[in-house]
**Student:** 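Sharing a structure here in structure tokens format.
Keep in mind that the numbers below use all heavy atoms, side chains included, and drop hydrogens, waters and symmetry copies. The chains referred to below are lettered A, B, ... by the order of the sequence lines, with proteins before strands, and numbering in each begins at 1.
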There are 2 protein chains.
Amino acid sequence: MSGQMSTASPEEPHSVPTLSAVAKLAGVSSITVSRVVRLPDLVAPETRGRVEAAMRELGYVPNQLAVGLARARTRSIGVLVPTIANSIFADTVQGLSDELEPLGYAVILAQSRYDAAREDHMLSALLSRRPEAIIMVGSPATEDGARLLRRAGIPVAETWDLPAAPIDAVAGFNNYDAGVAVARHLVAQGRDSLAFIGGDDPRATRRWNGFNDTAQALGAKAPRRLVLDRNASGSVVALAELPGVDAVFAANDAHAIGFMSGLRKAGLLRDGPAAEQPVAVIGLGDLEMGRLIAPSLSTIRVNGDAIGCTAAKLILTRAGPRHIDLGFELVLRDSG
Amino acid sequence: MSGQMSTASPEEPHSVPTLSAVAKLAGVSSITVSRVVRLPDLVAPETRGRVEAAMRELGYVPNQLAVGLARARTRSIGVLVPTIANSIFADTVQGLSDELEPLGYAVILAQSRYDAAREDHMLSALLSRRPEAIIMVGSPATEDGARLLRRAGIPVAETWDLPAAPIDAVAGFNNYDAGVAVARHLVAQGRDSLAFIGGDDPRATRRWNGFNDTAQALGAKAPRRLVLDRNASGSVVALAELPGVDAVFAANDAHAIGFMSGLRKAGLLRDGPAAEQPVAVIGLGDLEMGRLIAPSLSTIRVNGDAIGCTAAKLILTRAGPRHIDLGFELVLRDSG
DNA sequence: ATTTGCAATGTTAACGTTGTCATTTGTCGT
DNA sequence: ACGACAAATGACAACGTTAACATTGCAAAT
């Protein structure tokens, strides 16, 4: 409403209350207040009541910075994703955060935007917050980044892939094999002019490798690869770049749906089953949306939520296997 | 590969290096190292070189907890969203984080899952990290939550709505008016049996109110309201609950697309323009996907990215207007 | 009537930084 | 040749909490 006001509304005369402010009000020492928070059983009920009243009156909220410093346990974990907006990684963040938040962990989120320099920078920024663990999508892009993580001496989970030389824990799936599975399926369907569209990040490239190797091994023509911007709209016009193509593997469902939109405009999309499609399309991720559109999208289903959840469990315990392959599933619907 | 290994790989003999570890190695006092990091001009070039070498050798990363404690500036901001997975809020998080990360702020992310108790809890957890500001989607659901925020004495941005009595800053749009705009459009198109499908959170309810009030004022039949689970698949079957409906406003694009899928199964979806649709469908959010499907989705476009970006700017400065209406736009395509 | 033991509280020194003062040099002007 | 001054560095006390060790009482055991 009216222009600028002091941020702290008049409610309280500023200054966040500390342990000793509460202590003074309750007529005890600060350590007693600290105990009321952490180990209430050690404090006499009568005293405890007084302290609790004081905490309520002052609106005391413990300072986790100080706690973290004193105990060398910050109860926070760093999460690094390429991007969070309309991406399947949001599922992973949700999954891990649902696992971690009830345990009192804070999630510190950083985005690398598929940029190696920014990734290193964010990794370092994350580490400066002394998280108890790091969960990241993929693996560090640079040796500097990897060294940073190794030196930090905390659990690290790499996800969405199965790196050959992981730093610590892994929760992902085999991207190469995903490409293999798609190529096999398409060739078996009688397609022979294949293409791969999408990003050129390491994971997409692995998919491409599996796809390319397999298609050629099975006697199809050498697949084409089209590197696109990260938004699906770019793939609408991808068709123009791929004359004669009869099957497309898109790096993710958004690209696949974009490409299908291009096919529709060109009159190359049928309402019928996969076999009737002039151009088969397979996505990756299994967005809910893919199931709902027509023709429904065939895709490599990957459980992003489970990846996050598994990564969280991996960093919480030292026991058990450290490298978990969550697998994927080729879900065949009407698009290819 | 092989079972469990100590988390810290052999690279370094544990223990994260501190300022004084660097200082000892460089043969200076810790304050000098601190200056090399923050105020390099105050340190003689020769000394600075030695210190920088020591920092590199040890892999020194400043401890932001200690910095935050000493300076009472944590360079972090708390972000509270209902949910991050396949939701438009991910755009907002991306927007604000792109604005804030380059400035050295860390984003601490929490999800309320549309639960008031959890929201209060996460708010308090966030505050315990002493963020310099809080950005949240919507407004605190409880008076406790609001009090918590007011007492914290930091900038607070409420987003995705225009609350009547905001705590501090606001970056959003008028949800009631969005409902009004949709109802007007649908009634003008000659529809008179309207329905609203989606969640029952405060923002969805405001949309419903605008929608309902306007439809009735314009002489349509009293609209029906169907509260659905948060996933789009639920809306596929919504049609069965709405006999005779000829226009639907969905609380978001995902629900809209799900509902269209139900229409398609029922043979009630046409390839032609809005006028030919037996049942008009309007979404909200303007997912990229809505543009790509057929029939293309009419929707209330809301720029989630801009909301995040604006919220970030609002908490960074005290000057200028504190309440920004980013507006919305009724984008008409083929679905309604 | 001591001692023992435990329950309830308090004191002190960390944790890793930075702010606020010193202190040590060396340069310059007169 | 002497003080004035600045450049370079350092000592020390905060910041808000907790760990580790006191210190009180007072009840029970001897």
Side-chain angles (χ1 to χ4, degrees), chain A residues 14-52 54-55 58-76 104 125 127-132 152-153, chain B residues 14-52 54-55 58-76 104 125 127-132 152-153:
Chain A
H14 271 87
S15 93
V16 193
T18 68
L19 219 42
S20 55
V22 176
K24 194 183 296 175
L25 182 60
V28 297
S29 75
S30 11
I31 191 72
T32 299
V33 181
S34 171
R35 283 199 269 251
V36 169
V37 175
R38 297 174 301 135
L39 313 153
D41 299 334
L42 292 188
V43 180
E46 195 267 335
T47 315
R48 195 194 313 164
R50 221 158 6 109
V51 171
E52 280 164 349
M55 292 199 300
L58 262 33
Y60 174 68
V61 178
N63 184 329
Q64 283 296 133
L65 294 183
V67 175
L69 196 55
R71 309 187 59 175
R73 293 206 66 203
T74 57
R75 292 241 162 230
S76 66
L127 256 11
S128 77
R129 254 74 201 194
R130 297 294 184 267
E132 294 181 25
Chain B
H14 273 86
S15 93
V16 193
T18 68
L19 219 41
S20 56
V22 176
K24 194 184 296 177
L25 183 59
V28 297
S29 74
S30 12
I31 191 72
T32 299
V33 181
S34 171
R35 283 199 269 253
V36 169
V37 175
R38 297 174 302 136
L39 314 153
D41 299 335
L42 292 189
V43 180
E46 194 267 336
T47 315
R48 194 193 314 164
R50 222 158 5 110
V51 171
E52 279 164 349
M55 292 200 301
L58 261 34
Y60 174 68
V61 178
N63 184 330
Q64 283 297 133
L65 294 183
V67 174
L69 196 54
R71 310 187 60 174
R73 291 206 68 204
T74 57
R75 293 239 163 233
S76 66
L127 254 14
S128 76
R129 253 75 200 194
R130 298 294 184 267
E132 293 181 25

**Student:** Going by the rule side chain to side chain donor-acceptor pair (under 3.5 Å), which residues pair with A/Glu132 if we only count those two or more places apart in sequence or in a different chain?
**Tutor:** A/Arg73, A/Tyr105
**Student:** Provide the closest heavy-atom pair for B/Arg75 versus A/Arg129 in the form atom of the first, atom of the second, distance.
**Tutor:** O-NH2, 2.6 Å
**Student:** Answer whether the closest heavy-atom distance between the side chains of B/Pro40 and B/Glu52 falls below 4.5 Å.
**Tutor:** no
**Student:** Taking only residues two or more places apart in sequence, or in another chain, which ones meet A/Leu65 in a side chain to side chain contact (heavy atoms under 4.5 Å, CB included)?
**Tutor:** A/Asn63, B/Leu65, B/Thr74, B/Arg130
**Student:** Quick one: list whatever passes side chain to side chain contact (heavy atoms under 4.5 Å, CB included) with B/Ala70, sequence neighbours left out.
**Tutor:** none
**Student:** With a strict under 4.0 Å distance from non-hydrogen atoms of chain B, what nucleotide opens and what nucleotide closes the contacted stretch of DNA chain D, reading 5' to 3'?
**Tutor:** D/dA8 to D/dG16
**Student:** Need two values: the first and the last nucleotide of DNA chain C, 5' to 3', having an atom under 4.0 Å from any heavy-atom of chain B.
**Tutor:** C/dG16 to C/dG19
**Student:** Using a cut-off of strictly less than 4.0 Å between a heavy atom of the residue and any atom of DNA chain C, enumerate the qualifying residues of residues 18-27 of chain A by number.
**Tutor:** none
**Student:** Without placing hydrogens or testing angles, list every side-chain donor-acceptor pair under 3.5 Å for residues 16-25 of chain A, not counting sequence neighbours.
**Tutor:**
{"from": "A/Thr18", "atom 1": "OG1", "to": "A/Ser20", "atom 2": "N", "distance (Å)": "3.3"}
{"from": "A/Thr18", "atom 1": "OG1", "to": "A/Ser20", "atom 2": "OG", "distance (Å)": "3.1"}
{"from": "A/Thr18", "atom 1": "OG1", "to": "A/Ala21", "atom 2": "N", "distance (Å)": "3.3"}

**Student:** In degrees, rounded to 10°, what is the bend between the two ends of the helix from C/dA1-D/dT30 to C/dT30-D/dA1, using five pairs at each?
**Tutor:** 50°
**Student:** Which residues satisfy the side chain to side chain donor-acceptor pair (under 3.5 Å) test with B/Ser30, sequence neighbours excluded?
**Tutor:** none
**Student:** Distance check, rounded to the nearest 0.5 Å: A/Met55 atom CE versus A/Arg48 atom CZ?
**Tutor:** 10.5 Å
**Student:** Check whether any side-chain heavy atom of B/Val43 sits under 4.5 Å from a side-chain heavy atom of B/Val51, and report yes or no.
**Tutor:** no
**Student:** Counting only non-hydrogen atoms, which of residues 61-74 of chain B are less than 4.0 Å from DNA chain D?
**Tutor:** B/Leu69, B/Ala70
**Student:** Compare all side-chain heavy atoms of B/Ser29 with those of B/Thr32 and state whether any distance is below 4.5 angstrom.
**Tutor:** yes
**Student:** Please collect all side-chain hydrogen bond (donor to acceptor under 3.5 Å, both in side chains) contacts where either partner lies in residues 35-47 of chain B, sequence neighbours excluded, each pair once.
**Tutor:** B/Ser34-B/Arg38
**Student:** Under 4.0 Å, heavy atom to any atom of DNA chain C: which of residues 32-52 of chain B qualify?
**Tutor:** B/Ser34, B/Arg38
